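A note on names: the letters A, B, ... follow the listed sequences, proteins ahead of strands, and every chain is numbered from 1. Excluded from the calculations below are hydrogen atoms, water molecules and symmetry mates; all remaining heavy atoms, backbone and side chain alike, are included. In this text the structure is predicted, and so the values were computed from the model without any measurement.
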There are 2 protein chains.
Amino acid sequence: MPRRPRVSPDRILAAAALEFAERGFAGARVDRIARRARVNKAMLYYHFGSKAMLYRALLRGLFAQAGQRLEAIARSDQPPGAKMDEAILVLAGFLREHAFFPAIMLREIAEGGAHLDRDTLALMAVLPRTIASIVVDGTERGVFHNVHPFFTYVSLVAPIAFYLASAPIRTEVLQHHLRAGGDTTPDAFVAHVQETVRRMLVRNSADLPRSL
Amino acid sequence: MPRRPRVSPDRILAAAALEFAERGFAGARVDRIARRARVNKAMLYYHFGSKAMLYRALLRGLFAQAGQRLEAIARSDQPPGAKMDEAILVLAGFLREHAFFPAIMLREIAEGGAHLDRDTLALMAVLPRTIASIVVDGTERGVFHNVHPFFTYVSLVAPIAFYLASAPIRTEVLQHHLRAGGDTTPDAFVAHVQETVRRMLVRNSADLPRSL
DNA sequence: GTCTATACTTCGATAGAC
DNA sequence: GTCTATCGAAGTATAGAC
């Protein structure tokens, strides 16, 4: 059973990810994507049909994978607090593995989903729903403080995406000697978000790690 | 002393704000901005020189105003905890007054400051620096837990900008019956961020409001 | 300061050979 | 499946009259 050649589409998707992250949907140039993928433009259209379809194919893959990882954690057999800790770690890990993804997320929020179809939107909605399910579970079991499930999602995904996507502008600001941000590492920031969410959700201070 | 006519430039800036927020720098169309401002394109170029200069003029004004409001709070005579509470309220208030601003902020982070000059970058950097100064002050006075000042800034600005900018996509998701987010209000979300940051910064649980 | 008409460029997409 | 060449639309910017 001969498998279809996957190398060309995959290289195009990888190139598109970089281009869309750096320039946004409107700013991305199909010629540049093709060149970066070392494929000619006609090939790109042959595989994906249009710029918009290429964009959606990219986002579907990204959100599907991220959603699956989070859902696995939600299904796992751990106390809610541990699930939340791991969810933050895994989501941040996914965004760091795909360094172009944070910028695309921020842009897509700002864009209001203008270039997305129903399917892609549905895959995107898995993320907040999964985090919300962990929050609801913890609240019902009485181990979490009563916090709005969707607010919890925003409180963790926004800082992570914002922090990771802001690396270029922080470098820019540093080069101009404007000093805002200082020295930080992604590891430290993810730990900070975990700690923040723990403090946000904890019921009694006895459960808090270290010194509150 | 005759003052120059400010109505045309102001209308152009207002129209540009909407266009850049909805479509981003690359997606924005100068024709559309001119039409929305009810001036012809030549007028726009007469006042602002180019699309990029118009964009920068808009961002300078926005960040200058926002920065001034935050700095006034930092200078005020209040305990650090009250300053932080008010800083969040005022920053969120500013973003809500200028409903197009959150989307522009997210886009500019993703863009890596590509269309900004040194001046605009400097005005932008005032925001994290001012929040950081409040955190450092509170930590030195011993009323705040030792949290990274820049992390604190990201932890409050990112959720607020993300939440406010996500209104269109949340509406979109709701219309497709995908249910993620549910019923929320900006007021409730801002209160949530205040509470989150309080819990993040508080030293002893006795200082925590309500039941922790 | 304000307008119309247009020059010049870039971009998404496709035709058609192999 | 892969390529070259190119079309037509859309975009930024400006010339030049008033």
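Considering only side-chain N and O atoms, B:H47 lies under 4.0 angstrom from the phosphate OP1 or OP2 of C:dT2. Applying the 4.0 Å criterion to OP1 and OP2 of C:dT2, one finds that B:N40 has every side-chain N and O outside that range.
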**Asked** Should B:F48 and B:L13 be marked as a side chain to side chain contact (heavy atoms under 4.5 Å, CB included) after you check the CA-CA gap, both sets of side-chain angles, and the distance that decides it?
**Response** CA-CA 10 Å; B:F48 292 96; B:L13 281 173; 3.8 Å; yes

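For B:F151 and B:H148, the gap between ring centers is short of 6.0 Å.
Contact check for A:K83 versus A:I131: no side-chain heavy atoms found under the 4.5 Å cut-off.
The separation between A:R11 atom CZ and D:dG1 atom P is 14 Å, rounded to whole Å. Spacing between atom CZ of B:F48 and atom P of C:dT2 amounts to 12 Å, rounded to whole angstrom units. Across the protein-nucleic acid pair, A:M53 atom CE and C:dT14 atom C1' stand 13 Å apart, rounded to whole Å.
A side-chain N or O of A:E108 and one of A:Y55 form a donor-acceptor pair less than 3.5 Å apart.
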**Asked** What string of B, S and - do you get for nucleotides 11-18 of chain D 5' to 3' if you count protein non-hydrogen atoms under 4.0 Å?
**Response** SBBBB---

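Annotation: cation-pi geometry not satisfied between B:R129 and B:Y153 (NZ/CZ under 6.0 angstrom from ring centroid, within 45° of ring axis). Judged by the 6.0 Å distance and 45° axis criteria, A:R170 is not positioned over the aromatic ring of B:F150.
Checked against D:dG1, D:dT4, C:dT4, the side chain of A:M43 finds its nearest nucleotide in D:dG1.
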